[in-house]
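Written below as structure tokens is the structure these notes are about.
Letters go in sequence order (proteins before strands), and every chain restarts at 1.
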Amino acid sequence: DAGVIQSPRHEVTEMGQEVTLRCKPISGHNSLFWYRQTMMRGLELLIYFNNNVPIDDSGMPEDRFSAKMPNASFSTLKIQPSEPRDSAVYFCASRKEGSGNTIYFGEGSWLTVV
Amino acid sequence: LAKTTQPISMDSYEGQEVNITCSHNNIATNDYITWYQQFPSQGPRFIIQGYKTKVTNEVASLFIPADRKSSTLSLPRVSLSDTAVYYCLVPVGSGNTGKLIFGQGTTLQVKP
């Protein structure tokens, strides 16, 4: 079975540019999570969806960040405009209802903003 | 705002059994306890999950006392490849809307 698929794997962009990260959750999973990881702040939960509906976005750092899940098989995390402090690894994860806390992570999108 | 507390780091030697304990004093009645492993440059990977007593799989064992305020991940006969960060996870909130917030984790260093 295919795992959580994220794209791009690596992106280097200039400050001020728009960045769009994409995620395809595991088929049949109904929860989707976006995390950000840095050395300083560790693994932070940004936002999560249940059945395509955003449940909690309190972890989104500021208005420059937005996330959407138009259908069960696709989600985007957008940063506009990007700043150097947004440089991090962004992970998408998904969970199947009834599986407790068992979530499956993608390989991450490594973002560098210069 | 993780609900868990675990040691920041641990050292071990190859072939030893490693036990990592996590405190979750405010665990809710219906909460599961889940452990993840993360290698550098990879996303966290599910290891084991339990609700009470003992759970064992091919990778690890999880011991949960009756009061469920703590849990211990046991890795038998570790090897160098078990060097990783280990996270204990308890949801913040309840049910399917519970937030899965990772704490700082325990960095395990296995030495030859």
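Within the 4.5 angstrom heavy-atom criterion, no atom of B:Y51 approaches chain A. Both the backbone and the side chain of A:N101 come within less than 4.5 Å of a heavy atom in chain B. Looking at B:Q49, the atoms closer than 4.5 Å to chain A (heavy atoms on both sides) all sit in the side chain, from C-beta outward. Contacts between A:L43 and chain B at a heavy-atom distance below 4.5 Å involve backbone atoms as well as side-chain atoms. For A:E44, no part sits under 4.5 Å from any heavy atom of chain B, backbone or side chain.
For the residue pair B:E14/B:S79, the side-chain donor-acceptor check at 3.5 Å is not satisfied. Side-chain contact check for A:Q37 and B:Q38: at least one donor-acceptor pair (N or O, by modelled atom type) lies under 3.5 Å. There is a side-chain donor-acceptor pair under 3.5 Å between B:T21 and B:T72.
Ion pairing between B:E17 and B:R77 fails under the 4.0 Å rule for side-chain N and carboxylate O.
Aromatic ring centres of A:F105 and A:Y35: separated by under 6.0 Å.
Ranked by non-hydrogen atom pairs under 4.5 Å with chain A, the options B:N30, B:L100, B:I33, B:T34 are led by B:L100.
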